[in-house]
**Student:** 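The structure is given below, and queries will be raised subsequently.
Keep in mind that the numbers below use all heavy atoms, side chains included, and drop hydrogens, waters and symmetry copies. In what follows, chains carry the letters A, B, and so on, assigned in the order in which the sequence lines appear, proteins first and then strands, with residues in each chain numbered from 1.
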Amino acid sequence: MEYNFSELEQKWQGQWKESKAYKVSNASDKPKYYVLDMFPYPSGAGLHVGHPLGYIASDIFSRYKRLKGFNVLHPMGYDAFGLPAEQYAIEHGVHPAVSTEQNIANFRKQLDKIGFCYDWEREVLTCNPKYYKWTQWIFLQLFNSYLNPLTQKATPITELVKAFQTEGSTQIDGLRATVKPFSAEEWKAFTEKEQQDVLMEFRLAFCGYGEVNWCEALGTVLANDEVVNGVSERGGHPVEKKRLRQWYLRITDYADRLLNDLQKLEWSDAMKEMQTNWIGKSTGAEIDFAIKVSSELSVVSNGHSQLTSHNSPLKVYTTRPDTIFGVDFMVVSPEHELVAGITSAAQQKEVEKYITYVKSRSERERQAEKKITGAFTGAYAINPFDGREIPIWLSEYVLAGYGTGAIMAVPCGDERDFKFANHFNIPITNIIGDAFNGTEPNATKDAKLTNSGFLNGVVLRDAIQIVVDKLEEMGIGKRKINYRMRDAAFSRQRYWGEPFPIVWKNGIAYPLPEKNLPLVLPEMDEIKPGKNGDGPLSNNKDWITDVDKYFEGVPSSIYPPLGDGGLESSTMPGYAGSSWYFLRYMDNNNDTEFASRQATDYWNQVDLYIGGTEHAVGHLLYSRLWTKVLYDLGHLGFDEPFKKLLNQGMITGVSEFIKELRIDKDIIEQYNNCEKQVCLVIDKKEINLNVPYGEGHNHIYISLDVNFPIQLKVLSNKDLIEVKSDVSEHRADIRFVNQSPEKSVLNVEDWLSAQPVYSDSLLICKDGYWQNGKYHDFDGNILSQKLEFKTNPTIEKMSKSKLNVHNPDDLVTKFGADTFRMYEMFLGPIEQSKPWDTKGIEGVHRFLKKLWRLFFDDIKGKVWNEAEPNADELKILHRTIKKIEDDTERFSFNTAVSAFMVCVNDLADIKCHKRAILEPILVLLTPYAPHIAEELWHSLGNDTFIIDASFPLFESKYVVESSKEYPVSINGKVRTNLNLPLDMEQADVEAAVASNETVQKWLEGKAPKKIIFVKGRMINVVI
RNA sequence: GCCUUGGUGGUGGAAUUGGUAGACACGCAGGACUUAAAAUCCUGUCUUCAGCAACGGAGGUGCGGGUUCGAUUCCCGCCUGAGGCACCA
């Protein structure tokens, strides 16, 4: 009888399903335990080997907890809204709902093959109207709430309205800077629009304006992912910033709670630190500087700029008010609202040019770039203490969204300010005496101030308070706590997401009545961007404008007739559905609530949440926010969603990059539609190749090993001119690449036929080129043999979008689910990222076969027996119980797999086939390899599922030792071993060591300086 | 650039609290069984020096320093891979 894994795995998967072995009840005498995986986005590429890594870990832990007597909730679902499905729809004309459904079916088939213990009756799908009804409902909770500054809790906005009606804005501590104070009378006199505008400044879900990546050529907003090197990944079109109306979640109001409550969580320090840094709390001061602008007339008349004062002050945020005398220039973000009003005539052109440049830059580039850029506005700020005129500059490294969008630059104390000053020849004031050497800035707080007026001689650290006090006294500054975190953009100009239950009329947002939720996403035949950056839904005029039906029966005193209003046309982002899905699993069929309070009280927090670190600051922060809001509003009994977090490391794959020659992005618009030629310079000989005309695409690819120069020429006004070009890299799907350790070679024909738009490509190899379906040498002769087009292998996380995925199906078919599960765990520590490689899976498979042979022999059949176990066998068993239990508890699954191997090797060595030993081992193994454990369990005559067995109890009496083989080191280097009783004390040990032959050899007759003895560990002799 | 994290044999990794570096596997080499293969089993396998061998010497956890009787583990500096950086999920 041999180990027929495919037959037995199918058999048990069928029986588990049929008898609902993994169905979980919301009522149980057992203690509860909630194990959750980060649910997957169902991509068209299917499950890849990185997905199950975490799922296997959670499955092991769920089964382990169940064996330990817990009622374990372990559900699974899909994060089914998202950009890729929409992109696929645009490219292939398949509706996202259809492709998503197919993808989910495919995922499910793949997941089922691995033998997970999910309770599939609790499955959730974020794109299901029954689910997103409640996503929309929670959105309305956010929309209809504000953070009460006194209680620091989300509170219905009606409370705020009441307060405004009776007291005006006076009682509202921390009134937003954007709202002017008003009295109760003034509030009552406000128009509805004015009132609603004020309330919008408080709502936790609110509408504002934000910048997006706008691609004019594609007529759409692009995700950061879709922008590469400043141009659209598809087509290489220019991308610039565009200001659009957007929804936001006011997460900044929760910054302090999100920060403080981290201490309640059993998350890794790294994860907490990432969130802490993301929230980025800092204490400092806001300081108003008076501005003087140049008067243009004076400039013309006498050539010197004369300054006149400007109405608004320049408000800066700084954490170092102590350095105020060292301010040598101001840096304002190019988007700052003051810029237009303070720029001098002389600087006008330069400033405009700079702003245009910055518009084309992504936020990442602006912060990452090492090159220093900026423009002088011609205006000056006035230092309030000594009246010094400080030039005001623009630079991209100051972002509009952080602080006040303006900083005071102190070059002697700040790296970036210092470089900026040097680059633009701005004189540097030294306010820290010897602590500044003139060649590198020093951010110390412990030096004594110099050149600092009334602060001279004061230590910087102490000067902070003095300066802020003084500024507050003068009424031009105040203490301020700032957060780096910004409010979370919550709208997308896309189709495949949750529609907002909001109707707009006359600039006022009216929420849909709850009873009319869900607002269902309408079917659309064609998905394409709307006008002016609106989402695709805006093309569906009927849906947008047919709004009265949602308000039937609602008194007109609450809503005016909305007949000519329109539904919000953007949709919610991917993280909307994933911010609360863990709650829905608890009660996933509830039609009257997102989940019953009874269910959420019972299951409470997720006890163990497993997922990748890539969600550190996105999903994990938003889920925390939503949980807190629901808690504040009384819908939940807990305010943190995930008690313990285990970060599975990513499985990395090898992506393959292809070099593409493109026109430089700065001139792409000018020449994109011209005919092009590439000129290869090989051994001083020029070879010119025509490039097919292609709008937006150049389609010129260069093999990795090409090392001769290549120029790009365009035909402009009948002249062939050389233009600036850029080599960008983009990925080829690894399915089309022959990967070997030595080199990666593109399968050109397959690659091109998979993407017909690229069929006109020119591929340049080392010894020739591919064009029009043929390889040529550089003389243009058609070659019969293939040339090698090499790609650039690069290690990255495995992901569909990186085109480097490996599918688990083949391995499961070849070796079985149990082998696959144990192999993924055996790869290494769950928390570390590791490369995917299948060589090694044989070893795990051999282990399972070896285990099988402890029960059955291929020829003899049954070999297990009922004999009484001896001491050695019991020792092996109990050592294994201890090790597996410890390792599982600390999520050290790789060492647990090793421990199983050691155990089976040991039992095989002593030919132990005793049921009394083998049966408990099967229970230990159940979480890791449930199928083989189940099969052998039944072979031993059991007729219940092994998952309903109890975890074996460790008994230390079987493993106690009376002596130990101590390692004996001389000066820290092990020289010999010494077997000593475990209860032997220092004095006796020293005597035993001193008389040891090897030790004496090393002592050479001298006495040891010291003998270090750590009981049960080691002995070290110091000579 | 900023935040986080990793770097140990040919490969994946082990060493749980500062205490025998390389467990367990893969691969490789040699052998047993077999007509042969598969499967299985046995032996060896960090580098290097010396040696017929038993055994032994030296070095060794990315690099350079430090603390310690003792460092893969703690501290300082550097190099380098990965993840995230707000519209991929």
**Student:** Which side-chain N or O atoms in residues 38-49 of chain A pair as donor and acceptor under 3.5 Å with protein atoms at least two apart or in another chain?
**Tutor:**
unit_1	atom_1	unit_2	atom_2	d
Tyr41(A)	OH	Ala85(A)	N	3.0
Ser43(A)	OG	Ala45(A)	N	3.3
His48(A)	ND1	Gly50(A)	N	2.9
His48(A)	NE2	Met798(A)	O	3.4

**Student:** Quick check with a 6.0 Å cut-off and a 45 degree axis cone: is Arg250(A) positioned over the face of Phe206(A)'s six-membered ring?
**Tutor:** yes
**Student:** Please lay out, stage by stage, how Phe582(A) and Tyr609(A) fare under the test ring pair (Phe, Tyr, Trp, His ring centres under 6.0 Å).
**Tutor:** CA-CA 10 Å; Phe582(A) 47 92; Tyr609(A) 194 29; 7.4 Å; no
**Student:** Go through it in stages, so that I can follow the logic: the residues are Phe900(A) and Tyr928(A), the test is ring pair (Phe, Tyr, Trp, His ring centres under 6.0 Å), and I'd like the CA-CA distance, side-chain angles, deciding distance and then a yes or no.
**Tutor:** CA-CA 10 Å; Phe900(A) 280 122; Tyr928(A) 292 82; 5.4 Å; yes
**Student:** Looking at every strand, decide which applies to Gln246(A) at a 4.0 Å heavy-atom threshold: base, sugar-phosphate, or nothing.
**Tutor:** base
**Student:** So, OP1 or OP2 of G84(B): does either fall under 4.0 Å of a side-chain N or O from Lys797(A)?
**Tutor:** yes
**Student:** For the side chain of Gln367(A), counting heavy atoms from C-beta on, which of G1(B), G84(B), C87(B) is nearest?
**Tutor:** G1(B)
**Student:** Rounded to whole Å, how long is the line connecting atom CG of Leu645(A) with atom P of G83(B)?
**Tutor:** 19 Å
**Student:** Could you run down nucleotides 2-8 of chain B 5' to 3' and tag each one B, S or - for protein heavy-atom contact under 4.0 Å?
**Tutor:** -SSS---
**Student:** Between side-chain atoms of residues 828-843 of chain A and protein atoms elsewhere (two or more places apart, or another chain), which donor-acceptor pairs fall under 3.5 Å?
**Tutor:**
unit_1	atom_1	unit_2	atom_2	d
Lys834(A)	NZ	Pro829(A)	O	2.7
Lys834(A)	NZ	Gln832(A)	O	2.5
Asp837(A)	OD1	Lys839(A)	N	3.3

**Student:** Counting primed atoms plus P, OP1 and OP2 as sugar-phosphate and everything else as base, spell out the protein contacts along nucleotides 36-51 of chain B at 4.0 Å heavy-atom distance: B, S or - for each nucleotide, 5' to 3'.
**Tutor:** ---SSS----------
**Student:** With a 4.0 Å cut-off on heavy atoms, is Ala616(A) in touch with a base, just the backbone sugar-phosphate, or nothing at all?
**Tutor:** nothing
**Student:** Any chance you could encode RNA chain B as dot-bracket? Rule is Watson-Crick or G-U wobble with both distances under 3.5 Å; [ ] for pairs crossing earlier ones, | for another strand.
**Tutor:** (((((((..(((......[....)))((((((.......))))))((((......))))..(((((..]....))))))))))))....
**Student:** Under 4.0 Å, counting only non-hydrogen atoms across every strand here, what does Met485(A) touch: a base, just sugar-phosphate, or nothing?
**Tutor:** base
**Student:** For nucleotides 55-78 of chain B, just jot down a letter per nucleotide in 5' to 3' order: B, S or -, based on protein non-hydrogen atoms under 4.0 Å.
**Tutor:** --SS-B--------BS--------
**Student:** Do side-chain atoms of Asn804(A) reach the backbone of Ser799(A) as a donor and acceptor pair under 3.5 angstrom?
**Tutor:** yes
**Student:** Choose from A21(B), C24(B), G84(B) the nucleotide whose nearest atom is closest to any side-chain atom of Val902(A).
**Tutor:** C24(B)
**Student:** Would you kindly give the CD-to-C1' distance between Glu824(A) and G12(B), to the nearest whole Å?
**Tutor:** 13 Å
**Student:** Distance to the ring centre below 6.0 angstrom and angle to the axis at most 45 degrees; does that hold for Lys882(A) and Phe954(A)?
**Tutor:** yes
**Student:** Whole Å only: how far is the CE atom of Met901(A) from the C1' atom of G13(B)?
**Tutor:** 12 Å
